[in-house]
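Encoded as structure tokens, the structure appears first; notes follow it.
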Amino acid sequence: MKQRVLVTAGASGIGREIVRAFADNGATVFVCDIDEEGLGRLAQEIPGLVTTVCDMADRQDIGRMVARSVEAMGGLDVLVNNAGIAGPTVPVEAIDPDDWDKVVSVNLTGTFDVTRLAIPHLKKSPAGVIIVMSSAAGRFGYPNRASYAATKWGLIGFTKTLAMELGEHGIRANAILPGTVEGPRIQRVFEGRAQATGRPVEEIKQVSMANQSLKALVDPRDIAALAVFLASDSAKTISGQALPIDGDIQRLS
Ligand SMILES: NC(=O)c1ccc[n+]([C@@H]2O[C@H](COP(=O)([O-])OP(=O)(O)OC[C@H]3O[C@@H](n4cnc5c(N)ncnc54)[C@H](O)[C@@H]3O)[C@@H](O)[C@H]2O)c1
């Protein structure tokens with residue numbers, strides 16, 4: 001079966017690797033993002049890739065995007081809810097409520113909106129799959145990142161509930177919890193933490209590795225390979241799981 005896959009926020013970072021991996025695996029892929037230029041570059045790289053601009057904080061945009069994806073691919077088998085923003089790096093009492101709302105609207109409500117609209121189409125698939133991108137911040141407390149951690153824990157509850165509601169329709173739902181991933185985003189996170197604590201960036205990096213058994217950043221291509229596996233027939237009895245891919249992180253600090 002040639003899978004029809006929708007990936008949110010896939011113009012760069014982990015999402016882009018997921019798009020590439022599914023396309024390499026022979027799937028038809030539809031990708032949305034807020035970054036039009038990034039989508040254009042990816043469309044040039046991957047023949048047959050369909051793209052659309054969508055703000056994951058905008059419910060109407062999401063409605064149009066999901067409808068367009070189903071129309072373009074003639075249905076939907078795999079939804080990869082990858083979109084997620086980092087939010088502020090400050091203690092709870094210093095969080096600007098507008099920043100809190102933005103993180104909740106993209107990470108949690110955006111994922112709900114896409115999934116809600118995708119479910120009727122996934123029910124028509126012979127093997128519907130939902131993948132949700134949580135984080136190690138979805139299994140630990142995360143000082144100075146409360147809005148991010150709260151949404152990533154929320155996504156676990158959402159995923160486990162989806163798995164229970166949709167199992168009878170043959171739809172599986174699982175969450176991936178990446179740790180510290182190689183790329184420009186983590187550099188920004190390290191810099192934000194350095195600013196919040198007044199410590200040098202290099203020290204922040206070392207401290208972050210000290211809390212994990214394997215002293216290595218996660219390769220985003222490995223996360224993409226995990227997503228492809230979770231969507232494959234070999235994972236046909238895996239549902240409702242929260243799968244860390246993080247070098248065995250023991251705590252976030
Ligand atoms: N990078 C990490 O270390 C890491 C670790 C754990 C979990 N994650 C999660 O993985 C997912 C992808 O992370 P990443 O590091 O690749 O992200 P990223 O910061 O590289 O951004 C990925 C894409 O999101 C798009 N985007 C941003 N705001 C958007 C919006 N409102 N609407 C639509 N698109 C938008 C950007 O244009 C970009 O192309 C997120 O859910 C993130 O929370 C990342």
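One is the number of the first residue; the rest follow in order along the sequence. Note that this is a predicted model, so its numbers are computed, not measured. As the structure lists them, so they are numbered: ligands from 1, and atoms in each ligand from 1.
- Protein residues with any heavy atom under 4.0 Å from ligand 1: Ala9, Ala11, Ser12, Gly13, Ile14, Asp33, Ile34, Asp35, Cys54, Asp55, Met56, Asn82, Ala83, Gly84, Ile85, Val106, Met133, Ser134, Ser135, Tyr148, Lys152, Pro178, Gly179, Val181, Arg185, Arg188.
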Checklist entry - Can you list the steps and then say if Thr28 with Arg4 is a side chain to side chain donor-acceptor pair (under 3.5 Å)? => result CA-CA 5 Å; Thr28 303; Arg4 296 157 297 182; over 6 Å; no
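- With sequence neighbours excluded, no residue forms a salt bridge (charged side-chain N to carboxylate O under 4.0 Å, His left out) with Arg41.
- Under a 4.0 Å N-O distance rule, the pair Lys205/Glu202 qualifies as a salt bridge.
- Cation-pi geometry between Arg193 and Phe190 is not satisfied (NZ or CZ under 6.0 Å from the ring centre, within 45° of the ring normal).
- The residues Arg20 and Glu17 are annotated as salt-bridged, a charged nitrogen and a carboxylate oxygen being separated by less than 4.0 angstrom.
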Checklist entry - Step by step, would you call Asn81 with Thr115 a side chain to side chain donor-acceptor pair (under 3.5 Å)? => result CA-CA 8 Å; Asn81 283 305; Thr115 307; 3.0 Å; yes
